[in-house]
Protein chains: 2
Amino acid sequence: MSRSFLSLIGEIMISQTSEYALRAVVGLAQNPDKPHTTAEIARLTKVPEHYLSKVLLMLAKHEVVFSKKGLHGGYMLAHPPEQLPLLNVINAVDPIKQINSCPLKLKTHGTNLCRLHKRLNDSIALMEEMFRTSTVGTILSEPTKSIPLCESIKK
Amino acid sequence: MSRSFLSLIGEIMISQTSEYALRAVVGLAQNPDKPHTTAEIARLTKVPEHYLSKVLLMLAKHEVVFSKKGLHGGYMLAHPPEQLPLLNVINAVDPIKQINSCPLKLKTHGTNLCRLHKRLNDSIALMEEMFRTSTVGTILSEPTKSIPLCESIKK
DNA sequence: ACAATAAAAGATAAATTTATCTTTTTATCT
DNA sequence: AGATAAAAAGATAAATTTATCTTTTATTGT
């Protein structure tokens, strides 16, 4: 019934845009030496170039990345990977909002969530916590056989 | 950047359609005596009637609810609330899919997720587990001041 | 200053999800 | 059998997200 909101989180959870943002940031974290153009990042992460441009713009506005115009310009991470929670990246493009009041706008409920919405909100909170406590640095240091977003060099 | 995918899970997580499905099912669980028409459920849960009709159709196809045509017909739960995990409701309309292979289709990754996607998949799995282990019965028995989906009678 | 590079901004289009309306089919009651 | 009720199915439209293209603005190097 839904499209892939995100290839990334299966079908649930976060938007395509958020996955793009995460890919871009992880991509930048792996090449921290110099600025990278939108075109370069697009090639590395396989995100559509012109759409990525919008995504990077939002990341820049939220100071997740730093942009530099003109020759030799491009994007760099604004903070070291260890200090950049995934949540910040997600929140820059597609903020996670908790359920603060009844989605049905029931007057007697108000800020007092019913069991359904409380349960759902608990799930949100848990997910949010996971994204808050894991940084770009964290996931880059987790052991795996695959280099994030990149083809392996050796065959 | 995204609409409310779902009022319910904030902005992240599951679709509007899934929330509608959950509301309908919880609504039916609270009135288990007789079949309820789409119009009735729509009124109770504040889901757009004609859209709800499609949602109920899918729930029926996945045997989450049971439908009866004609006079005195309508929808009822196909199983007791205690035996109906929220996951089944969600999966009927908008299945949760784990990330089984690299969303970037990198050949060297294949089924071997990179750290980013592994991390994301861990989150999916956790969420899925929560929805699997909590049934409609569970959430109805959780203590709250608000009756799920309904205005409170007493003032 | 001028040319080249790259982000920023704007406009438009495609795809998908959500919503509405109408017609058809199936069941129930008298 | 005929009338009524309600789901099922079909067609269409609105809203939102995702994607693409073009123009403008800012920066660097010569």
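These numbers come from a predicted model, not from an experiment. Numbered from 1 within each chain, the chains take letters A, B, ... in sequence-line order.
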Gap between atoms CE and P, on B/M58 and D/dA7 respectively (whole Å): 16 Å

Side-chain N,O (B/T17) to OP1/OP2 (C/dT18) below 4.0 Å: yes

Donor-acceptor under 3.5 Å (A/S134 side chain, A/F131 main chain): no

Whether B/H62 side chain and B/A60 backbone form a donor-acceptor pair below 3.5 Å: no

Spacing of A/Y75 atom OH relative to C/dA6 atom P, expressed in whole Å: 12 Å

Mate of C/dT30 where both pairing distances stay under 3.5 Å, Watson-Crick or G-U: D/dA1

Side chain proximity check, A/L44 to A/N31, heavy atoms < 4.5 angstrom: yes

Donor + acceptor pair across side chains of A/T17, A/Y51 (<3.5 Å): yes

Rounded distance (Å) that lies between atom P of D/dA5 and atom NE2 of B/H36: 18 Å

Salt bridge (charged side-chain N to carboxylate O under 4.0 Å, His left out) partners of residues 66-90 of chain A, not counting sequence neighbours, each pair once: none

Below 4.0 Å: OP1/OP2 of C/dA6 and any side-chain N or O of A/T37: no

Integer-rounded Å distance: C/dT18 C1' and B/D94 CG: 12 Å

Nearest-Å distance for atom pair CD/P, residues A/E49 and C/dA6: 11 Å

Sugar-phosphate only, base, or nothing, as touched by B/S53 at under 4.0 Å among non-hydrogen atoms: nothing

Length of the NE2-C1' vector between A/H62 and C/dA8, whole Å: 17 Å

Check: A/E63 main-chain N/O paired with A/H79 side-chain donor or acceptor under 3.5 Å: yes

Please write out the pairs of protein N or O atoms and N or O atoms of nucleotides 10-12 of chain D separated by less than 3.5 Å, giving the distance to one decimal.
unit_1	atom_1	unit_2	atom_2	d
D/dG10	N7	B/K54	NZ	3.2
D/dG10	O6	B/K54	NZ	2.6

Length of the line joining A/Y51:OH and C/dA9:C1', which is rounded to integer Å: 16 Å

Side-chain N or O of B/S67 closer than 4.0 Å to phosphate OP1/OP2 of D/dA8: yes

Please enumerate all protein N or O atoms sitting under 3.5 Å from an N or O of nucleotides 26-30 of chain C, with distances to 0.1 Å.
unit_1	atom_1	unit_2	atom_2	d
C/dT26	O4'	B/K69	NZ	3.0
C/dC29	OP1	B/H72	ND1	3.3

For atom CD of B/Q16 and atom P of C/dT18, their distance in whole Å: 6 Å

Under-4.0 Å salt bridge between B/E40 and B/R43: no

Interatomic spacing from CD1 in B/I96 to OG in B/S18 - rounded to 0.5 Å: 8.0 Å

Atom pair CG (B/N91) and CG (B/L87), whose distance is rounded to the nearest 0.5 Å: 4.0 Å

